[in-house]
Amino acid sequence: MAQTAPNSSPSLTPPESVRRASTFAAELEQDKQARSRAKSVKPLRRIMPFVLNYPGTIALFLIFMVLAAMLSLSIGWAMKLIVDCGFGGSGELPAECERFALGNAANMGSYFKLGIAVAFFTAVFSALRFYYVSVLGQRVIADLRKAVYNHLTTLSTSFFERVHTGEVQSRLTTDTMLIETVIGSSISFALRTIVTSIGALVLMFFISWKLTLMVISIGPFLILIGIVFGRRVQRLSRSSQDNLATASVRAGESLGAIQTVQAFTREVKEREDFGRATEATFDAHRSRILVRSVMTFVLFGFGMAGMVGVFWYGAELVQTGDLSGGDIVGFSYYAFAAVSGVGFLTNTYTDFLRAAGATERIMELLSETSDIIAPEKPEVIGVARGEIRFDDVSFSYPTRPEQQALHGVGFDIKPGETIALVGPSGAGKTTVFQLLLRFYDVNSGAVKIDGHDVRALAPENLRRQFSIVQQNTPLFSGTAMENIRYGRDGASDDDVIAAAKSAFAHDFISALPQGYNTDLGEAAASLSGGQRQRIAIARAILRDAPVLLLDEATSALDSESEIAVQSAFENLSKSKTTLVIAHRLSTVRKADRIIVLDQGRIVETGTHDSLAKTGGLYARLSEMQFGIQ
Ligand SMILES: Nc1ncnc2c1ncn2[C@@H]1O[C@H](COP(=O)(O)OP(=O)(O)OP(=O)(O)O)[C@@H](O)[C@H]1O
Ligand SMILES: [Mg+2]
């Protein structure tokens with residue numbers, strides 16, 4: 001789903017349930033795309049490096065697969081022998097019965113014991129084959145998921161603006177699952193079927209080449225029918241899935257925003273919309289079922305009639321003495337194995353195409369590169385003094401290149417100073433912070449900290465210098481304790497509680513059902529905007545970095561807690577450089593300097609008193625908020 005816009009105010013943050021629902025909707029929407037297939041199976045080759053990491057497992061799988069296939073083929077031959085030698089009556093026995101000494105009843109027992117042993121080993125080998133190939137599939141998927149996730153965490157903001165997070169998530173889950181199906185089962189199935197079918201064909205030729213040629217000649221017709229109808233079924237099932245996805249997305253949205261639906265009394269309209277989409281799904285399904293039924297009729301009719309024809313001819317060959325009864329039994333066993341194998345293979349092929357599509361999408365993610373390029377030989381700062389400089393910075397967001405968010409912005413901040421950024425909504429205040437953290441690179445000019453261009457530092461080194469309270473700080477699933485500790489890994493419980501106390505968060509956290517151990521992932525919906533904000537503040541206080549960035553950090557607090565939190569910030573910021581963004585000017589009155597931005601330009605700079613006197617934008621804003629001064 002789209003990210004929450006960075007410049008919407010925290011009080012407008014939708015409740016958790018709505019966001020969860022719309023994520024769900026986005027996932028479904030993306031699942032629809034995830035179903036799209038590649039044109040060929042070629043992209044699957046790019047998974048090979050991940051698979052070839054496990055040559056041992058592959059070898060074991062292949063060995064057990066071939067063993068199991070050989071044993072299962074031997075059953076057909078055994079059936080042939082049983083009929084020819086065991087039930088062949090007292091007439092003359094074929095020569096091979098002598099060899100197996102099966103003609104006499106006393107040996108029947110040992111023959112069947114051998115049969116049981118064969119069955120047992122077939123089972124063992126099949127189980128081992130299944131084990132190794134399934135583990136291989138899961139192993140490869142785990143590696144692939146980690147590779148994708150690790151890569152994603154290196155990508156810059158602009159990537160996540162371009163690609164919806166829902167899409168990214170479904171690549172991480174749905175697409176990897178599609179590939180897993182292929183590696184963990186379809187490949188195994190296909191290989192096994194190919195090996196068995198080839199083996200069966202060879203043995204069929206051995207029994208009767210005439211009958212075999214007849215069976216083979218039916219094959220192409222069956223395949224043709226399968227392809228013609230299969231295409232149509234696929235198209236129809238795609239359209240029914242599309243309809244279903246549309247209906248579900250809509251349902252997810254309305255249920256997530258049920259208050260809006262009911263407040264505007266739109267229930268009937270919503271029901272009608274959902275009903276229509278559901279009926280469309282049903283219609284598409286019915287057409288698909290109809291086509292499938294016709295296909296079944298044609299396939300079965302043709303296939304069965306063909307096979308009966310083959311056996312008719314076979315029966316004649318038995319009568320002329322060209323074949324034995326056992327030959328016919330063995331032959332049918334193999335013919336069934338070969339024909340059904342080919343039928344199943346055509347089904348598996350779609351799995352392969354689907355997985356190839358998934359591979360393309362995953363590889364596309366893996367080949368994304370970050371716009372924020374780390375320097376090869378980065379300059380290093382330990383703990384910054386906190387001197388900040390914007391040098392004639394111009395910038396436009398990559399998604400909106402025609403609109404300049406900042407024009408020639410320049411200012412200097414000395415270590416330890418507290419600077420306020422004020423200005424109307426959309427003036428470019430948050431943008432200043434984003435450039436400081438180097439989430440984007442400037443178009444021209446430079447952003448510097450302690451004299452180092454931010455582009456000359458490793459991004460982690462740069463970002464470690466900042467504690468930030470964002471305009472919209474997300475909470476993570478996990479306890480209140482963990483959420484605050486996010487600011488500084490390894491901070492002690494006491495440090496966390498101290499930070500929470502300074503952020504005025506201690507009292508309400510203690511009042512939560514499990515206090516600091518309450519899971520905020522679930523509770524976030526029940527936290528008020530101000531409570532969430534105080535957790536974010538505690539997180540930033542705990543981080544204790546040399547530069548403090550506060551973006552509307554206290555906007556959702558009541559005046560009393562705001563004053564208290566502000567004094568906490570004042571204590572904290574004594575030794576730190578602090579940049580404060582605030583619409584409430586009472587928050588910024590004490591700043592050493594106030595920078596007034598309007599439409600991406602600095603329009604005024606000065607203290608509260610000096611700016612109030614000049615009668616510019618700040619004076620106007622402050623007049624509105626405080627009344628005539
Ligand atoms: N990610 C983005 N992609 C494209 N344009 C953006 C993005 N973020 C902000 N903008 C645009 O850049 C301009 C400056 O936005 P910015 O967020 O810096 O404003 P702001 O001064 O922080 O406003 P507010 O007080 O409402 O938070 C706005 O016109 C905004 O629409
Ligand atoms: Mg902002």
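Atoms within a ligand are numbered from 1 in the order they appear, just like the ligands themselves.
- Listed by atom number, the atoms of ligand 1 under 4.0 Å from T430 heavy atoms are 17 (O), 18 (O), 20 (P), 22 (O), 27 (O).
- Taking CD1 of I541 as the start and CZ of R539 as the end, the distance is 12.5 Å to the nearest 0.5 Å.
- Of the possible polar contacts, one joining the R534 side chain to the F504 backbone as a donor-acceptor pair under 3.5 Å is found.
- Residues Q471 and T430 bring a donor and an acceptor atom of their side chains to less than 3.5 Å of each other.
- Using a distance-only test at 3.5 Å, with no hydrogens or angles considered, no donor-acceptor pair links the side chain of K429 to the main chain of V596.
- Below 3.5 Å of separation, one finds an N or O of G428 facing an N or O of ligand 1.
- Among A405, G423, G426, P424, the residue whose heavy atom lies nearest to atom 23 (O) of ligand 1 is G426.
- For ligand 1 and T431, the ligand atoms under 4.0 Å from any heavy atom of the residue are 14 (C), 15 (O), 16 (P), 18 (O).
- Applying the ring-ring contact (aromatic ring centres under 6.0 Å, His included) test between F395 and each of F390, Y440, F439 identifies Y440 as the sole match.
- For ligand 1, the polar-atom distance check against Q434 finds no nitrogen or oxygen pair separated by under 3.5 Å.
- Within the coordination shell of the Mg ion (ligand 2), defined by N, O or S atoms under 2.8 Å, T430 is present.
- Electrostatic pairing of D441 and R455 does not count as a salt bridge here, judged by no charged N lying under 4.0 Å from a carboxylate O.
- In summary, Q471 places an N/O/S atom under 2.8 Å from the Mg ion (ligand 2), meeting the contact criterion.
- Ligand 1 has an N or O atom lying under 3.5 Å from an N or O atom of T399, backbone or side chain.
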Please list, one pair per line, the donor and acceptor atoms closer than 3.5 Å that link side chains of residues 404-414 to other protein atoms, with sequence neighbours excluded.
residue	atom	partner	partner atom	Å
Q404	OE1	H407	ND1	2.9
D412	OD1	R389	NH1	3.3
D412	OD2	R389	NH1	2.8

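- Residue contacts with ligand 1, taken as heavy atom pairs separated by less than 4.0 Å, do not involve F433 at all.
- Contact atoms of ligand 1 toward Q471: 24 (P), 27 (O) (distance under 4.0 Å to a heavy atom of the residue).
- Ion pairing of D609 with K613 is absent here, as no side-chain N (NZ or NE/NH1/NH2) approaches a carboxylate O to less than 4.0 Å.
- When each atom of ligand 1 is checked for a heavy atom of Y440 under 4.0 Å away, the hits are 1 (N).
- Of the listed residues (E161, K429, Q403), the one carrying the non-hydrogen atom nearest atom 25 (O) of ligand 1 is K429.
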